[in-house]
Amino acid sequence: METNSSSGSLLNKRLQKELMSMQREPSPGVSINSHTLHGNSLSQWIIDMEGAEGTLYEGEKFQLLFKFSSKYPFDSPEVTFVGPNIPVNPHVYSNGHICLSILTEDWSPALSVQAVCLSIVSMLSSCKEKKRPPDNTLYVKTCSKNPKKTKWWYHDDSV
Amino acid sequence: MKVKIKKWTTVATWKWLANDDNCGICRMPFESCCPDCRLPGDGCPLVWGKCSHCFHMHCIVKWIQSQQAQQQCPMCRQTWNFKE
């Protein structure tokens, strides 16, 4: 795990700590898919997520892909829904991109994978009607593969 | 009775007086150093913001330098100012 670059040591040490704390004290409905942590690299994680009880997503299962750049935690992780079930939600595009301000301009290094997951669970839980964002078709056709390159326009402060 | 002390040995411990156990940026204990340093102490000091949140100096400086527009405290999002 030793690396020469100083940012690498912060990245790895922090991700190790986050991994341990998520395994030791998991949040309900959020677990790390350990099969996807291969080799020594912690730069990509898959999180298994379950829709919370009593919400429109109860009984559904989702997967989130986290990608960490070498600047994490100063740089936010790239987070998208992946896999066969992308939640139908006004803040989630059908390609898995999520419109959530803490993933770009409101990111703070005090946040963590667990904090991001909790925000996403609560974003889903507050949904009143399952539908795609109004500009889904155009966005999915024209966006970059990396959602962090999208200039998001956050328009709903209620979630 | 008179006692003559011929020799004594003292041991001291030190501790940062921070309002938290771990740095909110690197998650390392304040009693140890930031991930870039090897030894805790004056070489890897703690600093406080006016908002009263505390970080390893090396960690908060990296965060401040990575911010283009507003420089905010990672914990409370108030504008970051070093406490004097």
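A note on names: the letters A, B, ... follow the listed sequences, proteins ahead of strands, and every chain is numbered from 1.
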With clusters defined by side-chain heavy atoms of hydrophobic residues (ILVMFWY) lying less than 4.5 Å apart, directly or transitively, does A/M123 cluster with A/I102? yes
Hey, is CD on A/E53 packed in by over 12 heavy atoms from elsewhere, all under 6.0 Å? no
Linked, directly or transitively: B/M75 and B/V61 (ILVMFWY side chains, under 4.5 Å): yes
Could you pull out all residues at least two apart from B/W80 that satisfy ring pair (Phe, Tyr, Trp, His ring centres under 6.0 Å)? B/F55, B/F82
Could you pull out the closest heavy-atom pair between B/C59 and A/F74, with the gap in Å? O-CE2, 3.5 Å
Kindly work out whether a path of hydrophobic side-chain contacts (I/L/V/M/F/W/Y, heavy atoms less than 4.5 Å apart) joins A/F66 to A/M20. no
Need one label for A/D106: side chain, backbone, both or neither, based on atoms under 4.5 Å from any heavy atom in chain B. both
B/N22 versus A/K17: any side-chain heavy-atom pair under 4.5 Å? no
Rounded to the nearest 0.5 Å, what's the gap from CZ on B/R27 to NZ on A/K13? Could you check? 15.5 Å
Mind checking the CD-CD spacing from B/Q68 to A/E105? Nearest 0.5 Å is all I need. 12.5 Å
B/F30-B/I60 co-clustered via ILVMFWY side chain contacts under 4.5 Å: no
Heavy-atom nearest pair, B/I25 first then A/R14, reads O-NH1, 2.9 Å
Check for me, please, whether A/M22 and A/I46 land in the same ILVMFWY cluster - side-chain distances under 4.5 Å, paths through other members count. no
If I compare all heavy atoms of A/W107 with all of B/W63, which pair ends up nearest, and what's the gap? O-CH2, 3.6 Å
What do you reckon, is NZ of A/K130 surrounded by more than 12 foreign heavy atoms closer than 6.0 Å? yes
Residues of residues 110-119 of chain A near chain B, each having a heavy atom less than 4.5 Å away: A/A110, A/L111, A/S112
If you measure from NE2 on B/H56 to CG on A/L10, what distance do you get to the nearest 0.5 Å? 11.0 Å
Side chain to side chain contact (heavy atoms under 4.5 Å, CB included) between B/Q72 and A/S108: does it pass, once the steps are laid out? CA-CA 9 Å; B/Q72 294 175 338; A/S108 148; over 6 Å; no
